[in-house]
There are 4 protein chains.
Amino acid sequence: MAGNIFGDLFRVVTFGESHGQAMGCVIDGCPPGLALSAEDIERDLRRRRPGQGGASTARNEADTPEILSGVFEGKTLGTPIAIVIRNTDHHSSDYENLRDVFRPGHADYSWEAKYGIRDHRGGGRSSGRETVCRVAAGAVAKLLLAGHDIQIRAWTSAIAGIDMPESGSPEFDFSETEQNPLRVPNRAGAEQAMRAIEALRAEGDSAGGMVSCSASGVPAGLGEPVFDKLDARLAAAMLSIGACKGIEFGAGFAAARMRGSEHNVIPCGILGGISSGQPVEFKAAFKPTPSIATPQKALDRGGNIRELVISGRHDVCIVPRAVPVVEAMTALVLADCVLLQRALVRPD
Amino acid sequence: MAGNIFGDLFRVVTFGESHGQAMGCVIDGCPPGLALSAEDIERDLRRRRPGQGGASTARNEADTPEILSGVFEGKTLGTPIAIVIRNTDHHSSDYENLRDVFRPGHADYSWEAKYGIRDHRGGGRSSGRETVCRVAAGAVAKLLLAGHDIQIRAWTSAIAGIDMPESGSPEFDFSETEQNPLRVPNRAGAEQAMRAIEALRAEGDSAGGMVSCSASGVPAGLGEPVFDKLDARLAAAMLSIGACKGIEFGAGFAAARMRGSEHNVIPCGILGGISSGQPVEFKAAFKPTPSIATPQKALDRGGNIRELVISGRHDVCIVPRAVPVVEAMTALVLADCVLLQRALVRPD
Amino acid sequence: MAGNIFGDLFRVVTFGESHGQAMGCVIDGCPPGLALSAEDIERDLRRRRPGQGGASTARNEADTPEILSGVFEGKTLGTPIAIVIRNTDHHSSDYENLRDVFRPGHADYSWEAKYGIRDHRGGGRSSGRETVCRVAAGAVAKLLLAGHDIQIRAWTSAIAGIDMPESGSPEFDFSETEQNPLRVPNRAGAEQAMRAIEALRAEGDSAGGMVSCSASGVPAGLGEPVFDKLDARLAAAMLSIGACKGIEFGAGFAAARMRGSEHNVIPCGILGGISSGQPVEFKAAFKPTPSIATPQKALDRGGNIRELVISGRHDVCIVPRAVPVVEAMTALVLADCVLLQRALVRPD
Amino acid sequence: MAGNIFGDLFRVVTFGESHGQAMGCVIDGCPPGLALSAEDIERDLRRRRPGQGGASTARNEADTPEILSGVFEGKTLGTPIAIVIRNTDHHSSDYENLRDVFRPGHADYSWEAKYGIRDHRGGGRSSGRETVCRVAAGAVAKLLLAGHDIQIRAWTSAIAGIDMPESGSPEFDFSETEQNPLRVPNRAGAEQAMRAIEALRAEGDSAGGMVSCSASGVPAGLGEPVFDKLDARLAAAMLSIGACKGIEFGAGFAAARMRGSEHNVIPCGILGGISSGQPVEFKAAFKPTPSIATPQKALDRGGNIRELVISGRHDVCIVPRAVPVVEAMTALVLADCVLLQRALVRPD
């Protein structure tokens, strides 16, 4: 209700401010008997970490997860799984000049309007750092899904204005996505995009992009009409990621221009909000990083417009690091749907 | 959990199959003391009714809402408000040939895979008729919002491949939207689109389109980060409408191609998932009506491909009728956010 | 949240004021494929109806349930099941003198303090009539449980100060409970209690009593620790019935006086909040009907104390009619637990 | 849903096994701007700690809470407050003999039946140690309530078969309750009960008792009928405490024997599930500690009956330590009700 709990049966609570003591999550509803270790979680956290290439910030935290509960002798107990990740590399003093000013494109102003108080250091709770908890919880959800032969893979499908080959085209090479720091499915595309990113960095500017996601092995029948349709849940999951500005399923916005006779024959992973047995696919749009090196005009608490220079370390483009977050959120949605389907439809 | 309840505090349950006894909803959480009559609800139901012009089906039901509870001497009691709308004009026999076949682009197949049983008449619960309940509940939410000076308006911003003028442009005329049956904000655009619709009807085909929505008077501070962000909730609300295939906020998919220095200066109604005090705006894409007069290939229960001719009455394009549904869902989201904000932030 | 929704997976919403248009409920989360007819519901409603004997009011409504949705060709669809029961026999004018006065022992004062508005006719939403919806929903839950061989039976175990034989004693005869209007498990006890009730009626007074309940066939493993323990859920369910003032499980209040060595050997249907496989048993205490024929002192809206004479028709003791309500609420709790257990523990 | 989340708006998730890494909780929904420090929490944790007198175990943990998030410069942010309490003093080897045997009166058997796996060390998640999290969260709720002038006080009203003076009687002295280790409101009663406890300890046996609770300053209007009545919520809260076997409100079980004319004139803190403005009062019954030093018969995993000797350190009577737990759960219920009342009733 207060916004920090996700899911109905595979429920995840996240907590933590960017420059507070720790980030973390509690999973309530993970079935018992699942093999789980801290290393299973750390593997995905590493994919989200910065410092992996040209697009990202130099902030570098070990992001070592500690499992505090819910696992006994290597297996889940069916009790809450609490995972804590300490914040270690925070340069809070970098942010002192932001105490009384609202950064453009950030949540600073709206957060202050809502709560009347905020932790200004690195965006506090509204920081992208919050997604570390989602990735940790998503790693557990992925293990649950793996037991049902459901696989989720996401990649950067556009970045800095450069479109990558579509899934299914000969130029699309998924194995490439974890080989290049931008997570694009094409080597030449990676090089071209890297040059664009470097140019933006030199100009003190930033870039947006798109993430595509495909979940295979999803059985027919997941999703709860009418309000908790599978696509509705995925849409909420994606738009809950700070920088996400839109989502489309299947033909998406292009469908709005098609005729019925054209659109009806396109295979579709979700029909009427319920999975059809075909891969579930969508694209999410991400805005450019609002923290840019170029001086900007910004409103302050006194209602004045100031010139603001944002120091600190920032991604030129967060899209590559959003890839594991998109996967994690997709995993959380699907894990929840799997459990709901067990409950609401007689198992015999 | 089973998908038919929407909202956390202003909670709506909907029920009803297209060709069952009745459609309806129960609102649990409407504050006491609000003036409410059946006429307040009927006004919005009329806007959703078919038979208003070239794009829609000839099915014509009175859609007379009956308020069964929750209102006493013209005011809400704070108790559940139950609203029932009888199904009167159902030609169930039109659908007998659909008992064992799955219509392309419809939920028939996935629904059967999920539940193992379905009401095949007019799509049963997966019918667009289900949205009548949303509009009824939305009418109550709008009254609550009106007391907070929040106004919601939506319109058809693209239809049958024809884009309408953008809000803010000189050609955009909102007063036009309730004057033409397509709900487009430009008279010449309406005429051009009507001709396109008529051509599609003659060909036995159908069209998709886009709905834009703007909520004004929304105070800063609505939305609950991190998972129940205002945009996340609106995204779920829109994607829960059967034919919706995508949503974008602000610059949306175009933002993915922008630089930070460009994007940061665009005014934005939602920052970090919290309303900023500026109008909240989004666009939703709708696919073309899957029920077309042209014969199609369809899978049947025996696993065979049949030729299918869909009789019955169907909209060439549901987009104009989706306009009040988009408004209703937006109202439900905002009403819930208003109540949550009252609760979670100290009122003094 | 606003209090009219019960359950997590087998979710029930109830609505209706005592003298409004109708009472009703919507069940969201009933699994598909269950055989269900209006007669299945009416059977239990008849057991709750007044006019069955010396203890109850003369108000007599047909209480004919209409199923508006969720059932197709005699089976549940997995979609919401809406049930409506019209209010037909309301003598609203009997209540005109209660518009501005708060009846002792009733919710009138606290309701007005909470909402600032109330339907004074027959207690409005706070009337015992509201339980008709619980019994209707409970009838559906019982059908679900019957498919899992779970049986629930309740009876009057004390009434008007007279204790009935304990379950297990030779004088306990469950078959008697549906043969006498007080639902006590002993014929001589029934006669004795009936005389006590008649004496109270003659004096213009009323009586309380106890309901015992036993659920057999409950598999080990139901209930969700730590907060949603099976006994915690049953306790909430019972205390949600207007006149209930207490509940005890197993040895209950007597356990507070026992030693561990005594208590540990008592068989127990619930251990640590989880069913053990043995019958689940509890007792609930019900206060005497507050509406009595004797004139009473009552507060009015102006803050004055008035003499109040309550006319209308009232039960001398509601306990016998509470028996099917206790069963219904127990069924709702167990149905929910059964579905949760399916979801959260791997079925293989 | 999986049982470890409590509340609707002031939501608490707890986690931790008795002999795992840590216990803890996350509060989602605490309003912003509340002054909060670790010391505020530690104060209540100390009241729950063992080793305070004759009735309790010798296990002695510092129970130092660490606040990981949600507080900035001494004030709550409106974001999730995570609190962790490390488990430091666990003698896990004491429990090795319990790996394959189910202790009488404990959750061992039912837990294994439910999950198929359990942490046998000290009861794992079903241990009374779990209540440390409730007390931590309750301390935050109490601060919120203090801002609304709501005070909660609980005491031991019966222990080891000895009844203490009733609140209101001349022998009742609340100031005494925090002066004696049994938390009884009468010095002579404390001495008498202490002797009874010592006798039981010498015999290797244990005792139960009762906790009474009174909340003053509760405004009229809290509680959400019909299912989330204030008494229903408090009943669930109390029965969610492991050893609790029953609860009664007002006249409680005695009410079942009264006449209406008697009962109607008793002042009552809850009417129709809504607070009336008078103090909210109830009594909860607690069974004797099931872990006793005397050898007992116990079932093992192989289905055999064994003789079991329970070593380790155990309370002769947990009732005095249940007092702060009862207060904490009452505080959680009331905090939630206060926030709900803000939301659902127009503040003007």
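Every chain is numbered from 1, with letters handed out A, B, ... down the list of sequences. Computed from heavy atoms alone, side chains included, the values below leave out hydrogens, waters and symmetry copies.
- Interface residue B/Phe253: backbone and side-chain heavy atoms are both found under 4.5 Å from chain A.
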Could you give me the CA-CA distance, side-chain angles and deciding distance for B/Arg257 and A/Ile159, then say whether side chain to side chain contact (heavy atoms under 4.5 Å, CB included) is met?
CA-CA 7 Å; B/Arg257 307 189 161 279; A/Ile159 186 167; over 6 Å; no
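- Contacts between B/Arg134 and chain A at a heavy-atom distance below 4.5 Å involve the side chain alone, from C-beta outward.
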Pair B/Phe227-A/Ile5, side chain to side chain contact (heavy atoms under 4.5 Å, CB included): steps then yes or no:
CA-CA 7 Å; B/Phe227 295 118; A/Ile5 302 185; 5.8 Å; no
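- Contact count versus chain B (heavy atoms, under 4.5 Å) is highest, among A/Ala256, A/Gly221, A/Ala285, A/Ala158, for A/Ala256.
- The greatest number of non-hydrogen atom pairs below 4.5 Å with chain A, out of B/Pro225, B/Ala255, B/Cys244, is found for B/Pro225.
- In this structure, NZ on B/Lys287 lies 6.5 Å from SG on A/Cys268, to the nearest 0.5 angstrom.
- Residue with the most contacts toward chain B among A/Asp205, A/Ile292, A/Asp231, A/Asp336: A/Asp205 (heavy-atom pairs, distance under 4.5 Å).
- Comparing B/Ala254, B/Gly242, B/Ala243, B/Gly208 by heavy-atom pairs within less than 4.5 Å of chain A, the highest count is held by B/Gly208.
- Contacts of A/Tyr109 with chain B are made by side-chain atoms alone, with heavy-atom separations under 4.5 Å and no backbone atom involved.
- Proximity to chain B (any heavy atom under 4.5 Å) is restricted, for A/Met329, to the side chain, taken from C-beta onward.
- In terms of heavy-atom pairs under 4.5 angstrom with chain B, the leader among A/Gly252, A/Gly272, A/Gly204 is A/Gly252.
- Most heavy-atom pairs under 4.5 Å with chain A: of the set B/Ser276, B/Gly105, B/Ala236, this distinction falls to B/Ala236.
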Does the side chain to side chain contact (heavy atoms under 4.5 Å, CB included) test come out yes or no for B/Asn264 and A/Gln296, once each step is laid out?
CA-CA 9 Å; B/Asn264 281 359; A/Gln296 302 174 84; 2.7 Å; yes
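- Of all the listed residues (A/Ala284, A/Gly246, A/Ser240, A/Ala113), the one sharing the greatest number of non-hydrogen pairs under 4.5 Å with chain B is A/Ser240.
- Both the backbone and the side chain of A/Ser261 come within contact range of chain B, each with at least one heavy atom under 4.5 Å from a heavy atom of that chain.
- By number of non-hydrogen pairs under 4.5 angstrom with chain A, the leading residue of B/Val226, B/Asp228, B/Leu271 is B/Val226.
- Listed options A/Pro288, A/Gly116, A/Gly250, A/Ala107 were ranked by heavy-atom pairs under 4.5 angstrom with chain B; first place goes to A/Pro288.
- With a 4.5 angstrom heavy-atom cutoff, A/Glu203 touches chain B only via side-chain atoms.
- The residue among A/Ala251, A/Gly223, A/Ser291 with the most heavy atom pairs within less than 4.5 Å of chain B is A/Gly223.
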Side chain to side chain contact (heavy atoms under 4.5 Å, CB included) evaluation trace for B/Phe282 with A/Lys245:
CA-CA 10 Å; B/Phe282 62 85; A/Lys245 299 301 285 179; over 6 Å; no
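- Considering only heavy-atom pairs separated by less than 4.5 Å from chain A, the leading option among B/Glu224, B/Lys114, B/His106 is B/Lys114.
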